Amino acid sequence: YVDASAGGAGGAAAMNPRVYLTLDGKKVDTSDVEAETSKDWDLAIKRPVFFTNSGQGGSGAGGAQWLANKDFATVTKADATALKTEAFLDAECNTKTDAMGAIETTFTGWYDYRAADNHLTPFTGTWIVKGGDGKLYKLAILTYYATADGTEGTASDSAKYTLKIAKLD
């Protein structure tokens, strides 16, 4: 369970930092500024935006790769063939954004958005994520609407995730 609601959808969200995690499930107490040079975190999350500690996202050796429709249990280290690092800016230093106007990351497109009720549903499949220290993990985003006890929540529980993570040896 990860609460990455960061102040909600209103103006307060801009004033709250991202949630920084290691892929072995620990929250890293760091600021957004400190995270730029830290190798102590693997994944940053704020609302629906995920990114790795890599490239323009941080000084770590991270990266991510989407394996669409691949079951979590069947993902192995051998599947890590096309990991990408973070590249938030284009050659002219313009911010790259996704269809929703959020910053484009290696995780862009992880969900289906239903505009009628502003509902996000994670696509099936598994992510391979390389941590800031270079270790490989597999990750599945199970829900965007979780409660602290691991059950499915309601719209008021948005940006509260249930993630499934395992190390790839």
Side-chain angles (χ1 to χ4, degrees), residues 2-7 9 13-70 72 75-113 120 122-142 144 158-169:
V2 177
D3 181 348
S5 56
M15 302 306 294
N16 287 293
R18 294 173 185 90
V19 174
Y20 294 92
L21 305 171
T22 62
L23 290 167
D24 60 1
K26 296 181 182 100
K27 184 176 177 185
V28 177
D29 187 24
T30 189
S31 70
D32 289 342
V33 172
E34 293 167 337
E36 291 178 20
T37 57
S38 172
K39 293 183 179 158
D40 295 336
W41 61 276
D42 301 321
L43 195 61
I45 310 171
K46 183 174 180 181
R47 310 279 313 147
V49 178
F50 283 66
F51 66 87
T52 63
N53 190 347
S54 68
Q56 295 172 352
S59 61
Q65 175 184 346
W66 173 238
L67 302 171
N69 300 314
K70 182 135 185 178
F72 188 87
V75 174
T76 68
K77 195 174 192 176
D79 292 312
T81 59
L83 289 155
K84 296 179 184 173
T85 59
E86 302 304 340
F88 304 145
L89 306 172
D90 66 18
E92 288 80 39
C93 290
N94 298 307
T95 304
K96 295 192 267 182
T97 56
D98 65 16
M100 299 297 296
I103 193 165
E104 188 174 298
T105 75
T106 55
F107 278 82
T108 292
W110 67 264
Y111 60 86
D112 179 43
Y113 177 66
L120 301 180
F123 286 118
T124 54
T126 305
W127 290 90
I128 293 181
V129 182
K130 187 191 231 185
D133 60 4
K135 294 178 184 166
L136 289 175
Y137 295 81
K138 55 185 173 179
L139 178 142
I141 302 168
L142 303 179
Y144 181 75
S158 66
K160 295 175 182 172
Y161 293 89
T162 302
L163 304 175
K164 185 175 184 179
I165 303 170
K167 189 172 182 182
L168 290 172
D169 294 317

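What you see is a predicted model, and the numbers here were worked out from it, not measured in a lab. Numbering of residues begins at 1 and proceeds along the displayed sequence.
- Considering all non-hydrogen atoms of both residues, Ala102 and Val49 come closest at CB-CG2, 4.0 Å.
- Side-chain contact between Thr126 and Asp79: absent, with no pair of heavy atoms (C-beta onward) separated by less than 4.5 Å.
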Worked check of side-chain contact (heavy atoms from CB on, under 4.5 Å) between Tyr20 and Glu34: CA-CA 11 Å; Tyr20 294 92; Glu34 293 167 337; over 6 Å; no

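- Counting only heavy atoms from C-beta outward, the side chains of Phe50 and Ile141 approach each other to under 4.5 Å.
- Here the side chain of Asp112 pairs no donor or acceptor atom with the backbone of Pro122 at under 3.5 angstrom.
- Sparse packing is recorded around NZ of Lys39, with 12 or fewer heavy atoms of other residues, nucleotides or ligands lying under 6.0 Å away.
- Asp42 and Thr22 share no donor-acceptor pair across their side chains, judged by distance under 3.5 Å alone.
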Identify all side-chain donor-acceptor contacts of residues 127-138 below 3.5 Å with residues at least two apart in sequence or on another chain.
from: Asp133; atom 1: OD1; to: Lys135; atom 2: N; distance (Å): 3.0
from: Lys138; atom 1: NZ; to: Phe72; atom 2: O; distance (Å): 2.9
from: Lys138; atom 1: NZ; to: Val75; atom 2: O; distance (Å): 3.4

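- We find the CG-CG distance between Leu142 and Leu163 to be 7.0 Å, quoted to the nearest 0.5 Å.
- Listed by first and then second residue, the salt bridge (charged side-chain N to carboxylate O under 4.0 Å, His left out) pairs involving residues 80-95 amount to none (not counting sequence neighbours).
- Here the straight-line distance linking atom CE of Met100 with atom CG of Leu120 works out to 7.5 Å at 0.5 Å rounding.
- Minimum interatomic distance between Trp41 and Ala35 (heavy atoms only, all atoms of both residues): NE1-O, 3.0 Å.
- Between Phe107 and Ala64, the shortest heavy-atom contact is CE1-CB, 3.7 Å.
- Pairs engaging residues 22-33 under the salt bridge (charged side-chain N to carboxylate O under 4.0 Å, His left out) rule: Arg18-Asp32, Asp24-Lys26 [sequence neighbours left out].
- One distance of note links OG1 of Thr108 with CG of Asp98; it measures 5.0 Å at 0.5 Å rounding.
- Atom-to-atom distance recorded for Asn16:CG and Ser5:OG is 8.0 Å, nearest 0.5 angstrom.
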Derivation of the side-chain contact (heavy atoms from CB on, under 4.5 Å) call for Thr85 and Thr52: CA-CA 7 Å; Thr85 59; Thr52 63; 5.8 Å; no

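- Closest approach of Ser158 and Arg47 over heavy atoms only: OG-NH2, 3.5 Å.
- Considering Val2, Val28, Ile165 as possible partners of Leu21, the one that fulfils the side chain to side chain contact (heavy atoms under 4.5 Å, CB included) test is Val2.
- Residues Lys77 and Asp169 come closest through the heavy atom pair CD-O, 3.5 Å.
- To the nearest 0.5 angstrom, Phe51 atom CZ is 8.0 Å from Thr105 atom OG1.
- One distance of note links OG1 of Thr95 with CZ of Phe88; it measures 10.0 Å at 0.5 Å rounding.
- Summarising the geometry of Gly125 relative to Ala140, their closest heavy-atom pair is O-CB, 4.3 Å, with the distance given to 0.1 Å.
- Between Tyr144 and Trp110, the ring-plane angle classifies as tilted under the 30° and 60° cut-offs.
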